[in-house]
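Lettering of chains follows the sequences in order, A, B, ..., and the numbering in each one begins at 1.
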Amino acid sequence: MARALEKSGNWIGWAFFADFGTALSLTFGYMFSRPVTMQYPDKEKWLPYSRYRGHHFLTRDEKGEIKCVACELCAKICPCDCIEVVPYEDATGARHPKVFEIDTARCLFCGLCEDACPADAIALGQQYEFSSYASRDLVIGRDELMRKPGKAETGGGVVGARLDTRDAVRVETDEPAGYDWWRNIRRS
Amino acid sequence: MELALALGLIAFKVALLIAALLLLPLPLTWLERKIAGRIQQRMGPMRVGWHGLLQPLADGIKLLTKEDHIPAEADRFLFKLAPILALAPPFVVFAAVPFGESISVMGTEISLYVANLNVALLFILAVIGIEVYGVVFGGWAANSKYALLGSLRTCAQMISYEIPMGFAVIGVVMLAQSMSLVDIVRAQADMWNIVYQPVGFFVFFVAGLAEAQRIPFDLAEAEGDLGAGFHTEYSGIRFIFFMVSEYVIMVLVSVLAVILFFGGWNGVLIPLPPLLWFFMKVAFFIYLFMWFRFTFPRYRYDQLMAIGWKVLLPLSLANIIITGILFV
C-alpha cells in the first residue's frame, strides 16, 4: 500500500513537473548566492600561504650581508639546471657569489634548492607575478633576487588589489591579510 | 491637417517601436549574461563600464568591424536574403501588439498601439511563421552541413509547434469573443485568462519556448552538436540580424503570454500605471526564459517531436473542447 502510494505520488509529481520545480528553485537559490569569482587582477588578488613556492629570493644576515656562501649545492641539485653561481672570496676570506643567476623560465619551482641550501640563503617566496615578453628577461640576477619579497606571513586570503600596467604588468596590494575565499563557497 | 497629424503620429510610433526593438537586444544580452553568471556563481561581464553595462556595445562594435564573410560555394542571393527574412517578421508583428489603452499628451489621446487589428492574433501567428524562412534559407544557402542540419531541425520544430500554439490561443479567443488583442485584454479586466486557461497557457508557453528557439528547445543552434546551427557561416552584421531576431521573438512571446493569459496591462491589488504593469509582467517572462535557459538541458530531437505531437497537440485540442463546452 505504501509503495503504491509512493508510486502514485511519483506519477502525480511528474504530471505537475515537480522535478522541474526542484531544478528551478535550485538555480534560483544559486542566483542569489555569493559569486565565487575572485576579481583578479582588477580588484582582488590571492595572497598565497607561507608554504607557497613562488619566486626565489636571497636572504641577508643580521649585518645585511648576503647569506649565500656560494657552495653551489643548489646549482648541483637543481633538476633543470637553471641556477648559475660564480663564487669569489672577499677580504676576510669568506666565499660569496659574484654571479647568482636563476633562469626562472626554466625553473620548475620544486624547492630543492631551498632544501639543499646549508646557509638558509635561498628560498622560494610569495611572488607569483613575473610574466615577461622576452625569456631573457626572466634570468634573474643576484641583486634583484635579494630584493624579491620573502615568504608570506599570513596568507591564504583574498586581498584588495589594483592592476598596474605602466611599465610592467603588476598587481599591487597594500593589505597584509584578506578575507577567506572559502567563505564564498556554497555548501548544501 | 487632421490626416497629416494622424499619419505623422503613426510614423512616429513606428519609428519609436523600431528603434526600441533594435536597441532592446543590448540590455537583454547584458541581462542574459549576468543571469547566466549569477546562476553559475560567477559575476558575468564586469570590465566594460559599470558592472559590464557597456559590454553589449563593445560586442556590437566588434561584430560590426568583423569581416562579412560569404562562403565560396554559398548561394549568394539567398545567403544575403536570409538574415533580412529572419529579422523583418518579428518587427512587423509588433505593429499589431498593443502596449496599453491610451495616454493623453497635451490634451490629445494617443493610443499605445500602431494598429488595433480585428484579426491581430491571426496576423501575428501568420507573420511569425514567415520567420522560419530566414532560418531555412540561411541554413540552406550557407552550403554547410551543420547549417543545413540546424535549419532542417528548425523547419520541423517550427511546423510542429506552430500548430499547438495556434490551438492553445483558440481558448482565449473563445473567452474574449474577439481576435483583437485590445479586446482580449479588456475581456480580462475582472479575471485573468490564466485562471480559466491553465492548460492553454502551459501549451502556449512550451510552444513559445520552441518558437523562440530557447533552451530546452534550441535544437536549431545546438552549440554542442552543430557548431552554431543555421547561422554557423554567418559573421558580422548578418549575425547581428539573426541575434536581434532571436531576442525580439523572445520579447514577442513574453508579450503575447502577458496579453493572452496574464491580463495585459490590467493590474492587481497595487494601483500602478497600466504601462508599468505591462512591462513588469513582460520583464518577468523574459527573466523566466533566461532562468529556464540556465536550468535545463536540451531535449533530444525525437523527444522534441514527441512532446510536440503526442503531448501538446492532444492537450491543446482537449483544451479547446473543454473550453467550448464550459464557456460557450
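Counting non-hydrogen atoms of neighbouring residues, nucleotides and ligands closer than 6.0 angstrom, the CE atom of B:Met191 reaches no more than 12 such neighbours. Heavy-atom neighbours of B:Phe284 CZ from other residues, nucleotides or ligands within 6.0 Å: at or below the threshold of 12.
No side-chain heavy atom of A:Tyr30 sits under 4.5 Å from any side-chain heavy atom of B:Arg38. Contact check for B:Trp291 versus A:Leu24: side-chain heavy atoms found under the 4.5 Å cut-off.
The contact list for residues 194-212 of chain B toward chain A, using heavy atoms and a distance under 4.5 Å, reads B:Phe202 by residue number. Residue-level contacts of residues 44-56 of chain B with chain A, in order of numbering, are B:Met46, B:Arg47; threshold 4.5 Å between heavy atoms.
A:Pro35 and B:Arg42 get closest at one heavy-atom pair: CB-O, 3.5 Å.
The aromatic rings of A:Phe28 and B:Tyr287 lie perpendicular to each other, with more than 60° between the two planes, well past the 30° mark.
Tested against A:Val36 for a side chain to side chain contact (heavy atoms under 4.5 Å, CB included), the candidates B:Gln40, B:Gln41, B:Met43 yield a single pass: B:Gln41.
Between atom CD1 of residue B:Ile39 and atom CZ of residue A:Phe32 there is a gap of 9.0 Å, rounded to the nearest 0.5 Å.
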